[in-house]
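Just below is one structure, and these are the notes that go with it.
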Amino acid sequence: MLSLVQARALQLSAQGLLQSPRRRPRRDDVVAAIERMRLLQIDTIHVVARSPYLVLHSRLGDYPMVWLDEALAQGRLAECWAHEACFISAADVPWHRGGHGQRTHHWAHRSAARMHREQRAEMEALLEAVRASGPMRAADFARRDGASKPGWWEWKPEKRWLEAWFALGELMVARRDNFQRVYDLAENVLARLDPPFDSAAAPSATQLRQRFIVDSVRALGVTPAGWIADYFRLKPKVSDRELAPLLASGELLAVPVQGWSTPGYVHRDHAEALDKALAGRLRATRTALLSPFDPLVWDRTRALAMFDFEYTIECYTPAPKRRYGYFVLPILHRGRLIGRLDAKAHRSTGQFEVKALFLEPGVLPEQSLVQAVAKAIADTARWHGTPEIRLGRTQPAALARLLRAVWRDAG
């Protein structure tokens, strides 16, 4: 039986968060990390680094953010709707486009299909414009209503239509300019993928579902059936009964986990890691700041059950109702989520502001923990180009003095 500590280590191993990198990152590591996670969620909030860059930093360390942009432009990555809007490996594009163009159960596809029914003439005209003129950005269209509020609810019509065609699979993202999507005809983007896109082997709906189930288990390291569907937004939920044939074929392994009422499932690729975990030889040593949209924590039910970490993304909560802050980063330390910090990067002044830092109840600011957390914050700040750290309040209050002492000695 796996203890919960051992199960955490197995999940961290699968996610690439078990230990610190043993060498400097290389360009290929960006694609490899995404292949390991199976996807990389996109979010545009950038009070610190935008989420996809931060997720990669948690795993790779000090890498140039431009490597992600280059991999997309080179066709080694693509964008699609998966968990939410995500980067995926070019090798996985055939699975996400499926046998009928796209995964039609996803809310983004349903919304786009409704828009196409209601605004068909305008959308068809926009698609013809892309066909005639080449790749386009939403910024290429002037706003006509005078609105200036940010957010998807204030998108101009052309942006909505571009996004709808993207969800429907007629357009894809050729590259990003300053993180703005540049849309092109899907056929043009598919022709540039590396490895090449194979349209001949169109999987059935059954094959697609099984592939996403298997990929979810592989990415999660160990998981009960109930957590699987969320990873790729599968419907209906996955059951133990559905997984039985995968156990029989040997593709998945089953293991009891302490405190779980149902089996834990492990992909056969992780059989060696499972043996190490069972023997207590899978040691978590990594300390890192995590994005709110990191696969490790985006499923709040899973984060609570796996790490006893109650987490809400409060950027969508009105300021007076926030408990911890606007953009709160979970702190991973040696296999546990031991705290969280509310941060903001002031790029113009080179300052990394930690507005508040909270340790979880029962977590003590021992010297080794303080040193590791201080280094993780300093590494993130330096990587982001905001090396001067400005620390606000901490809980416990004495933690602030201890962190400042580490930074002072290191400086």
Side-chain angles (χ1 to χ4, degrees), residues 2-26 29-41 43 48-49 51-63 68 83 86-87 89 215-223 227 230-231 257 264 266-267 269-270 272-274 276-277 280-300 302-309 311 328-341 343 360 363 368-369 372-373 375-380 383:
L2 278 175
S3 70
L4 190 56
V5 170
Q6 292 168 340
R8 289 173 182 171
L10 188 54
Q11 187 165 103
L12 292 168
S13 175
Q15 281 284 318
L17 287 167
L18 187 70
Q19 298 173 344
S20 298
R22 297 182 178 180
R23 57 166 174 77
R24 294 182 62 83
R26 303 166 183 161
D29 293 338
V30 168
V31 176
I34 295 172
E35 288 177 335
R36 188 172 194 164
M37 295 181 288
R38 311 311 301 170
L39 42 72
L40 175 61
Q41 184 174 339
D43 191 86
V48 187
S51 179
Y53 302 107
L54 185 56
V55 170
L56 290 172
H57 177 258
S58 299
R59 289 154 175 79
L60 304 182
D62 190 6
Y63 80 101
L68 177 61
H83 178 78
C86 292
F87 294 105
S89 165
D215 278 357
S216 299
V217 176
R218 184 190 286 112
L220 289 170
V222 57
T223 176
W227 297 347
D230 173 77
Y231 209 80
V257 179
V266 178
H267 192 272
D269 286 357
H270 297 317
E272 182 178 351
L274 174 60
K276 288 182 178 179
R281 292 188 290 109
L282 209 57
R283 302 291 299 277
T285 60
R286 182 84 166 121
T287 300
L289 308 183
L290 303 181
S291 162
F293 305 100
D294 194 292
L296 195 74
V297 297
W298 72 33
D299 184 335
R300 310 312 175 202
R302 169 160 52 85
L304 181 60
M306 198 75 167
F307 293 93
D308 194 25
F309 190 74
Y311 186 49
V328 175
L329 311 180
I331 304 171
L332 174 70
H333 174 65
R334 294 184 172 273
R336 296 187 298 157
L337 295 175
I338 54 92
R340 61 197 86 200
L341 63 86
E360 290 293 280
V363 175
S368 60
L369 181 147
V373 170
K375 183 178 185 302
I377 294 172
D379 287 349
T380 301
W383 163 75

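All values below come from the heavy atoms of this structure, side chains included, with hydrogens, waters and symmetry mates left out.
- Scored by the side chain to side chain contact (heavy atoms under 4.5 Å, CB included) test, A277 finds L2, Q6, L282 as partners (sequence neighbours excluded).
- For H270, there are no side chain to side chain donor-acceptor pair (under 3.5 Å) partners two or more places apart in sequence or in a different chain.
- Partners of S20 under the side chain to side chain contact (heavy atoms under 4.5 Å, CB included) rule, at least two apart in sequence or in another chain, are R286.
- Checked against ring-ring contact (aromatic ring centres under 6.0 Å, His included), Y231 has the following partners two or more places apart in sequence or in another chain: W298.
- Legend: residues meeting side chain to side chain donor-acceptor pair (under 3.5 Å) with R340, ordered by chain and number and at least two apart, are E360.
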Step by step, work out the side-chain contact (heavy atoms from CB on, under 4.5 Å) result for V222 and M306. CA-CA 10 Å; V222 57; M306 198 75 167; 4.0 Å; yes
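- Within 6.0 Å of CZ on R283 lie no more than 12 heavy atoms contributed by other residues, nucleotides or ligands.
- Nearest heavy-atom pair across V257 and A7 is CG1-CB, 4.0 Å.
- When every heavy atom of R59 is checked against every heavy atom of P295, the shortest pair comes out as NH2-CD, 4.1 Å.
- Between D308 and R8, no side-chain nitrogen of the basic residue sits less than 4.0 Å from a carboxylate oxygen of the acidic one, so the salt-bridge criterion is not met.
- Of all heavy-atom pairs spanning L12 and G335, the tightest one is CD1-CA, 3.5 Å.
- Note that OG1 of T223 is 7.5 Å distant from CD of Q11, once rounded to the nearest 0.5 Å.
- In this view, D269 and R218, H267 satisfy the side chain to side chain contact (heavy atoms under 4.5 Å, CB included) rule, not counting sequence neighbours.
- Of the residues V363, L332, T287, the one that meets the side-chain contact (heavy atoms from CB on, under 4.5 Å) test with I338 is V363.
- Looking only at side-chain heavy atoms (C-beta outward), M37 and Q15 come within less than 4.5 Å of each other.
- Nearest heavy-atom pair across L10 and A273 is CD1-CB, 3.7 Å.
- Proximity of I377 to L289: side-chain heavy atoms (C-beta onward) are separated by under 4.5 Å at one or more points.
- Going from atom CZ of R302 over to atom CG of D230 covers 6.5 Å, rounded to the nearest 0.5 Å.
- Listed by chain and residue number, nothing satisfies the salt bridge (charged side-chain N to carboxylate O under 4.0 Å, His left out) test with D43 (two or more places apart in sequence, or in another chain).
- H333 and S368 make their closest contact through CE1-O, 4.3 Å (heavy atoms, listed as atom of the first residue, atom of the second, distance).
- Taking Y311 as the reference, F309 meet the ring-ring contact (aromatic ring centres under 6.0 Å, His included) condition, with sequence neighbours excluded.
- Annotation for L290 and D294: closest pair CD2-OD2, 3.9 Å, computed over non-hydrogen atoms.
- Side chain of R336 to backbone of F307: no donor-acceptor contact under 3.5 angstrom is found.
- For the atom pair T285 OG1 and L18 CG, the distance stands at 6.0 Å (nearest 0.5 Å).
- Every ring-ring contact (aromatic ring centres under 6.0 Å, His included) that W383 has, sequence neighbours left out, goes to H57, Y63.
- S13 meets the side chain to side chain donor-acceptor pair (under 3.5 Å) test with no other residue; sequence neighbours excluded.
- Atom CG of D215 sits about 9.0 Å away from atom CG of L39, to the nearest 0.5 Å.
- For the side chain to side chain contact (heavy atoms under 4.5 Å, CB included) test, residues two or more places apart in sequence or in another chain that qualify with R26 are R23, D29.
- For the side chain to side chain donor-acceptor pair (under 3.5 Å) test, residues two or more places apart in sequence or in another chain that qualify with S291 are S51.
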